[in-house]
Amino acid sequence: MLIDLFVDDSSTNKDQPQAEKPEKTGLFKKLFSGLKKTRQNLNNGFNRLVGAHAKLDDSFMDELEEVLLSADVGLDLTTRIIENLRADVKANLLKTVPEVIEFIKKELEKTVTFDEEEKQPSTKNSKPLVVLVIGVNGAGKTTTIGKLSFKLKKRGKSVLLAAGDTFRAAAADQLETWAERSEADFIRSNSGSDPSAVVFDAVKLTVSRGHDVMIADTAGRLHSKVNLMEELKKIKRIMSRELPGAPHETLLVLDSTTGQNAVSQAKIFNESIGVTGIVLTKLDGTAKGGVVINIVDTLKLPVQFIGIGEKIDDLRPFNPKEFVAAIFEGTTLTETKESE
Amino acid sequence: MLEGLSQRFEGVVKRLQGLHKLTEENVSDAMREVRIALLEADVNISVVKDFIANVKSLALGMETIPGVQPGQQIVKIVHENLIQVLGGDTANLNLTGRGSTVILMTGLQGSGKTTTTAKLAAMLKKQGYRPLMVSADVYRPAAIEQLGVLGEQIDVPTIKTTTDMNPEEIGRAALEEMTQLNANVLLVDTAGRLAIDEQMMNELSKLKDILQPKEILFVADSMTGQDAVNTARAFNEQIGMTGVILTKMDGDIRGGAALSIKKVTGTPIKFIGVGEKTSQFEQFHPDRIAGRILGMGDVLSLVEKAQENLSQKDAEKQANKVLTATFNLSDFLQQLKMVRDMGPLDQLMKMIPGLGGALKDAELDEYELIRTEAIINSMTMKERGQPGIINSSRKRRISRGSGVEVQDVNKLLKNFQKSKKMMKNLTKMKKNKGKMDFPFAGMEN
């Protein structure tokens with residue numbers, strides 16, 4: 001996975017395989033402040049649950065369901081959790097409110113943790129490495145590419161950015177600015193031209209100039225538009241024709257404020273193009289992380305990065321454990337943050 | 001639009017309509033399904049609760065009307081409540097009053113503010129206003145350029161700004177320029193921002209003080225989940241807003257934001273974005289959307305679309321052609337174009353009652369229309385007027401010219417003959433009534 005590029009070879013720390021050490025403090029801070037609202041909501045919910053309910057009765061279950069739904073966990077998953085819970089309570093496996101809450105935390109953590117064995121083979125050694133970035137309108141594709149490019153540059157990689165969004169007004173200008181900021185090479189074509197043509201030229205240029213990584217931007221498209229999905233397939237076809245094995249990564253950018261629609265976005269993009277990883281953007285807002293749980297659960301796709309701001313270094317590796325912890329262990333985390 | 005929700009609701013409606021007797025139990029069962037439908041659609045949980053409680057108490061408390069199935073009455077209650085949740089009456093822009101008006105566009109990153117600004121400007125221009133646009137987004141790279149390019153596309157002037165200006169300066173300069181350029185509506189695009197970003201929210205409220213906008217529109221992505229109401233509420237509390245625009249409604253959206261925002265913020269949804277083209281922008285009608293959700297179709301919007309794109313004169317001319325049976329392929333081509341001008345076919349079909357659900361999986365191919373146009377375009381004027389003269393050598397030429405097989409040309413000619421026959425029969429039947437039912441042609445204004 002692309003994320004492997006950012007993991008030090010020497011790193012043997014199994015607990016946090018994806019964390020970049022020098023940035024860790026920053027990551028914690030950002031993620032905490034971003035997830036504060038979620039945490040507050042869930043915590044309020046949980047605290048309310050613990051405080052108000054001495055017994056594991058129906059009204060407790062109803063309220064618990066409400067808490068999970070409000071966090072965008074989704075009806076399916078929530079129903080499943082509650083059903084499991086009822087069964088366990090009935091069988092006397094869970095007896096107290098705190099026990100139940102502990103159980104749910106574990107369930108969710110299990111769901112969001114992407115099994116190491118399920119991971120795609122590493123693309124770390126592919127050279128050049130071609131990355132295709134896709135997603136619906138306004139998800140944050142171009143910004144993500146800018147940040148990714150900066151990250152790669154910092155690792156000493158030579159990068160080419162291809163302006164495959166030939167539809168949205170000034171999209172290429174936007175990417176060009178990011179290319180300048182991250183000191184990457186840049187290729188564009190006339191607005192309104194065939195994006196496949198830009199991608200074709202970009203692959204050629206990547207090979208001839210010996211770039212390490214090429215990242216292709218694409219126009220935002222709603223997954224329900226058949227024609228636009230066909231266009232994307234063509235882009236992918238051209239890539240693999242010009243460079244066998246390409247694209248080595250197809251990153252789907254998802255806006256974390258999106259509700260359950262994100263699941264259908266991930267599903268359809270994955271079915272028609274094949275997605276190798278997800279980038280979750282705008283996690284610095286009040287958006288809840290619940291939908292991620294759902295996506296990893298239903299599609300077995302790894303979330304590789306999260307976007308937590310508009311600055312060039314506001315892109316971080318996704319760490320499932322930290323993510324769930326940040327959502328559910330609010331009190332402890334607040335203390336950690338305060339002690340920093 | 002809203003397919004998932006309407007499919008669920010259609011199921012509930014069907015079951016309700018069959019009920020002869022209302023009991024606490026079967027009403028509760030139906031409401032449980034309504035609840036699932038709403039929750040799956042990302043509708044805010046508190047809105048769902050209120051909705052269910054409301055409908056349930058109305059349903060159980062209502063007096064049965066003799067001759068009307070109780071289930072039908074519940075459907076009516078659900079319909080009315082849906083309209084209420086969606087905002088009740090259609091909300092218009094408040095551009096009245098003397099002098100010029102400022103519209104401030106706000107919202108989160110990526111909700112579609114810049115595109116929406118241009119869409120709204122294009123709509124206002126069409127209505128006879130003299131709009132002017134300005135971008136106060138000095139943060140996102142090329143945001144200013146984007147608005148400039150869109151301005152050229154829709155032929156609306158855009159004030160040149162640069163990223164080294166601050167938004168307040170831009171606001172003041174724009175007000176001055178507005179008078180100079182004799183514009184009467186100024187649309188101000190702003191940078192996307194999070195409601196929790198204090199600094200950026202302060203900037204917005206300063207901009208508001210300078211501009212004194214009559215309308216502050218909050219642009220929201222219709223795919224937003226439970227967070228939609230949180231953000232909208234925060235914006236409303238901090239800046240105050242006069243209306244909401246929901247974007248990307250052309251996707252397979254669930255409708256959560258649409259069903260939650262008005263109820264929670266008290267601010268009406270005024271417009272919806274339904275496509276990537278600047279013309280794909282519509283006023284939001286709660287009653288019509290409620291109708292679509294319940295699978296009742298939206299004939300009113302369909303008629304309006306037809307009226308927008310057809311002049312009365314054209315319509316009469318077409319009707320006349322049909323009546324006198326002189327309808328030929330040129331007229332057919334013209335009708336095809338009119339239909340295409342009305343917007344994507346799949347969107348049109350969904351407005352027809354009963355068709356929305358039926359067409360769920362049918363791939364409505366725009367391509368078929370384009371191909372038919374291409375075939376007719378490859379014919380000579382004479383061939384279009386008298387399709388009878390098209391022999392096999394002509395067919396081969398036409399097929400080569402339009403890039404299709406000869407069979408496709410045959411199919412088109414056959415279909416045309418068939419519909420002409422049908423028209424003749426229709427004409428015979430309707431002649432005495434003096435009124436035509438031909439689609440799109442005889443529409444009353």
Side-chain angles (χ1 to χ4, degrees), chain A residues 33-34 36-38 41 66 69-72 74-76 78-79 136-140 142-143 146 167-178 180-181 191 219-228 255-262 264-265 268 281-282 284-288 290-291 310, chain B residues 3-4 36 39-46 48-49 108-115 118 139-153 191-192 194-197 220-228 230-231 234 247-248 250-254 256-257 275-276 363 365-367:
Chain A
S33 57
K36 205 167 133 201
K37 181 87 181 189
T38 316
N41 277 352
E66 196 174 310
L69 286 173
S70 305
D72 273 330
L75 193 63
D76 275 359
T78 302
T79 311
V136 300
N137 317 59
T142 311
T143 308
F167 180 80
R168 180 165 62 90
D173 298 332
Q174 187 181 348
L175 189 67
E176 190 165 20
T177 308
W178 283 112
E180 281 161 18
R181 286 183 190 170
S191 150
R221 67 201 70 221
L222 295 176
H223 48 294
S224 50
K225 308 259 155 136
V226 179
N227 293 350
L228 294 176
D255 182 336
S256 62
T257 63
T258 312
Q260 300 308 307
N261 188 271
S264 90
Q265 287 173 28
I268 296 175
T281 60
K282 307 178 205 174
D284 48 332
T286 46
K288 299 156 180 63
V291 75
E310 292 188 308
Chain B
E3 283 82 10
I36 291 175
L39 284 175
E40 274 182 346
D42 288 328
V43 179
N44 184 270
I45 186 124
S46 64
V48 176
K49 272 180 149 179
L108 295 182
Q109 290 92 341
S111 57
K113 283 175 298 305
T114 309
T115 307
Y139 307 100
R140 180 164 62 90
I144 294 172
E145 285 86 338
Q146 187 184 349
L147 192 68
V149 173
L150 290 170
E152 277 169 33
Q153 282 172 13
L194 298 165
I196 51 166
D197 191 333
D221 187 329
S222 58
M223 297 183 287
T224 315
Q226 295 283 334
D227 190 51
N230 297 338
T231 316
T247 60
K248 309 175 203 173
D250 48 329
D252 59 344
I253 60 141
R254 287 149 187 267
E276 299 199 353
E363 205 39 69
D365 212 346
E366 205 81 44
Y367 182 71

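Sequence lines set the chain letters: A, B, ... in the order given, protein chains first and strands last, and positions in each chain run from 1. Treat the numbers as computed from the prediction; the structure is a model and nothing was measured.
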Under a 4.5 Å heavy-atom cutoff, which of [options] has the most pairs with chain A?
options                : value
B:E276, B:E145, B:K49  : B:E276
B:Q153, B:K248, B:M223 : B:M223
B:G225, B:G256, B:S222 : B:G225

Contact between [X] and [Y] at the side-chain level, heavy atoms closer than 4.5 Å - yes or no?
X      : Y      : answer
B:L39  : A:L69  : yes
A:T257 : B:D221 : no
B:N44  : B:Q226 : yes

Notebook entry, point to check: Which answer fits A:E176, side chain, backbone, both or neither, if we ask what part of it has an atom under 4.5 Å from a heavy atom of chain B?
Noted result: neither

Check: Which distance, rounded to the nearest 0.5 Å, do you find between the CG of A:L175 and the CD of A:E180?
Finding: 10.5 Å

Notebook entry, point to check: How many angstroms lie between CG in A:D76 and CD in B:E40, if you round to the nearest 0.5 Å?
Noted result: 6.5 Å

Next item on the list: Go through the atoms of B:I144 and report whether side chain, backbone, both or neither lie under 4.5 Å from a heavy atom of chain A.
Entry: neither

Note to self: Which one wins on heavy-atom pair count under 4.5 Å against chain B: A:A169, A:G74, A:A172, A:A170?
What the structure shows: A:A169

